[in-house]
Amino acid sequence: MFRPMTEARVATVDVYPLRRHADGWQTLVLQRAAHTRCTDAWEAVHGHIEAGERPEDAALREMREETGLGVERLYNVTVQPFYLHTMAIVTLAVAFAGVVDDGRVRLSPEHARAEWLSVEEAARRYAWPRSAIALREAVYLLREGDGGVVDDVLRVR
């Protein structure tokens, strides 16, 4: 039986929507709708990079499609690998923090609910531990309100 070689591919993006609240950050968490992958799981904005699309463009598009939110500032946070055994690929998800001003969410059919939560509440709610790690990294990097001395490297838009 022939089994294809496993390859690595930059194929997805994760976006952690952030807004200022009191003296910290809040993040938007989304609950998957019925009849979708991982039904009822809580996650950040997540989606595929389309052919010819750069990860940052996919991040902005996915934010609009899944939440209706525009992004005021977009920051590159990390890259997270995940093995998709059914496709024999290691997908690399480029993770971004998307700072928004307006928190009014318009959900896509992909999600049943959305909630703005504290970072710690969101970290506990996420189905995937890597989401909690990336969120904490984003908040650490933006602890001064922007990327601080590394803003020139982190800020995409």
Side-chain angles (χ1 to χ4, degrees), residues 8-21 24-84 87 89-143 145-147 151 153-157:
R9 186 181 321 155
V10 178
T12 57
V13 294
D14 292 328
V15 187
Y16 297 85
L18 296 174
R19 71 176 183 184
R20 280 302 210 177
H21 182 72
W25 292 103
Q26 281 188 325
T27 191
L28 185 68
V29 295
L30 306 171
Q31 185 181 38
R32 301 287 304 173
H35 311 295
T36 63
R37 68 159 175 79
C38 304
T39 297
D40 292 332
W42 289 90
E43 64 183 11
V45 171
H46 175 80
H48 295 283
I49 299 171
E50 295 178 355
E53 191 174 42
R54 291 178 55 97
E56 57 269 31
D57 296 327
L60 297 172
R61 177 182 50 74
E62 290 291 343
M63 280 286 287
R64 280 189 309 276
E65 289 176 4
E66 293 187 10
T67 69
L69 296 172
V71 174
E72 179 185 292
R73 291 179 285 141
L74 187 68
Y75 293 91
N76 177 28
V77 176
T78 191
V79 177
Q80 301 174 321
F82 186 77
Y83 178 53
L84 294 172
M87 298 174 65
I89 68 166
V90 173
T91 183
L92 301 172
V94 182
F96 295 94
V99 178
V100 302
D101 267 343
D102 180 14
R104 290 176 291 187
V105 177
R106 181 184 37 81
L107 285 179
S108 73
E110 212 174 315
H111 297 100
R113 292 176 46 205
E115 290 184 40
W116 285 100
L117 299 175
S118 72
V119 171
E120 288 311 309
E121 288 172 303
R124 284 190 298 273
R125 182 95 47 108
Y126 288 136
W128 299 100
R130 67 188 178 100
S131 296
I133 293 166
L135 175 60
R136 287 187 179 109
E137 288 180 3
V139 170
Y140 177 84
L141 291 168
L142 301 179
R143 66 192 177 278
D146 61 13
D151 195 76
V153 175
L154 296 179
R155 189 165 176 174
V156 178
R157 170 186 129 100

Visitor: Has R19 got its NZ or CZ under 6.0 Å from the middle of the six-membered ring of W25, at an angle within 45 degrees of the ring axis?
Guide: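 No; the conditions do not both hold, so R19 does not lie above the ring face of W25.
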Visitor: Between Q31 and D40, is there a donor-acceptor pair closer than 3.5 Å when you use the side chain of the first and the backbone of the second?
Guide: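 Yes.
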Visitor: Yes or no on side chain to side chain contact (heavy atoms under 4.5 Å, CB included) for F96 and V77, after CA distance, side-chain angles and deciding distance?
Guide: CA-CA 5 Å; F96 295 94; V77 176; 5.5 Å; no
Visitor: Just how far is it from atom CZ of R9 to atom OG1 of T91, taken to the nearest 0.5 Å?
Guide: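 Going from the CZ atom of R9 to the OG1 atom of T91 covers 7.5 Å.
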Visitor: Can you list the residues that meet the salt bridge (charged side-chain N to carboxylate O under 4.0 Å, His left out) rule with E72, with sequence neighbours excluded?
Guide: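 Per chain and number, E72 pairs via salt bridge (charged side-chain N to carboxylate O under 4.0 Å, His left out) with no residue.
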Visitor: Main chain of R130, side chain of Q80: is a donor-acceptor contact present, judged purely on distance under 3.5 Å?
Guide: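 Yes: the side chain of Q80 pairs with the backbone of R130.
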Visitor: Mind running side chain to side chain contact (heavy atoms under 4.5 Å, CB included) on R157 and R73 for me, showing each step along the way?
Guide: CA-CA 5 Å; R157 170 186 129 100; R73 291 179 285 141; over 6 Å; no
Visitor: Indicate yes or no: at least one non-hydrogen side-chain atom of L74 is less than 4.5 angstrom from one of M63.
Guide: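 No. Closest side-chain heavy atoms not under 4.5 Å.
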Visitor: For the residue pair A33 and P109, what are the closest heavy atoms and their distance?
Guide: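 Result for this residue pair: CB-O, 3.4 Å.
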Visitor: Starting at OG of S108, measure out to CD of E62 and round the result to the nearest 0.5 Å.
Guide: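 S108 OG to E62 CD: 8.5 Å, rounded to 0.5 Å.
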Visitor: I'd like to know if the side chain of R143 and the backbone of Y140 have a donor-acceptor N/O pair within less than 3.5 Å.
Guide: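 Yes; judged by distance alone, with no hydrogens or angles, the pair exists.
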Visitor: Does R104 CZ have over 12 foreign heavy atoms under 6.0 Å away?
Guide: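 No.
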Visitor: Of the non-hydrogen atoms in V45 and P17, which two are nearest, and what is the gap between them?
Guide: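 Scanning both residues completely, I find the closest heavy atoms to be CG2-CG, 3.9 Å.
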Visitor: Taking atom CD of E110 and atom NE2 of H46, what is their separation to the nearest 0.5 Å?
Guide: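 It is 8.5 Å, given to the nearest 0.5 Å.
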Visitor: Calculate, to the nearest 0.5 Å, the distance between atoms CG and CG belonging to L28 and L18 respectively.
Guide: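 It comes to 10.0 Å.
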Visitor: Among residues at least two apart in sequence or on other chains, which ones pass salt bridge (charged side-chain N to carboxylate O under 4.0 Å, His left out) with E53?
Guide: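 With sequence neighbours excluded, E53 shows a salt bridge (charged side-chain N to carboxylate O under 4.0 Å, His left out) to R61, given in chain and number order.
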Visitor: Report yes or no: does T12 contribute a side-chain atom to a donor-acceptor pair with the main-chain N or O of G47 at less than 3.5 Å?
Guide: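 Side chain of T12 to backbone of G47: no pair is present.
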Visitor: Please find the pair of heavy atoms, one from V100 and one from G70, that lie closest to each other, and give the distance.
Guide: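 So the two residues come closest at CG1-O, 3.1 Å.
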Visitor: Donor-acceptor pair, T67 side chain versus R64 backbone, under 3.5 Å?
Guide: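 Checking the backbone N and O of R64 against the side chain of T67, no donor-acceptor pair under 3.5 Å is found.
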Visitor: Return the minimal non-hydrogen interatomic distance between L135 and A122, and the atom names on each side.
Guide: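 So the minimum-distance heavy-atom pair works out to CD2-CB, 3.9 Å.
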Visitor: Roughly how far apart are Y83 OH and I89 CD1, rounded to 0.5 Å?
Guide: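 If I round to the nearest 0.5 Å, the distance is 10.0 Å.
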Visitor: So which atom in E137 and which in T78 form the shortest heavy-atom distance, rounded to 0.1 Å?
Guide: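 Looking at all heavy atoms of both residues, the shortest contact is OE1-CB, 3.4 Å.
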Visitor: Tell me if the CH2 atom of W116 is crowded by more than 12 foreign heavy atoms within 6.0 Å.
Guide: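 Count over threshold, so yes.
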Visitor: Go through the structure and list residues passing side chain to side chain contact (heavy atoms under 4.5 Å, CB included) with R54, not counting sequence neighbours.
Guide: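 By the side chain to side chain contact (heavy atoms under 4.5 Å, CB included) rule, R54 matches E56, D57.
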Visitor: To the nearest 0.5 angstrom, please state how far the OH atom of Y16 sits from the CG atom of L142.
Guide: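 So the OH of Y16 and the CG of L142 are separated by 13.5 Å.
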Visitor: Can you give me the closest heavy-atom contact between Y126 and E43, atom names plus distance?
Guide: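 Looking at all heavy atoms of both residues, the closest pair is CE2-C, 3.7 Å.
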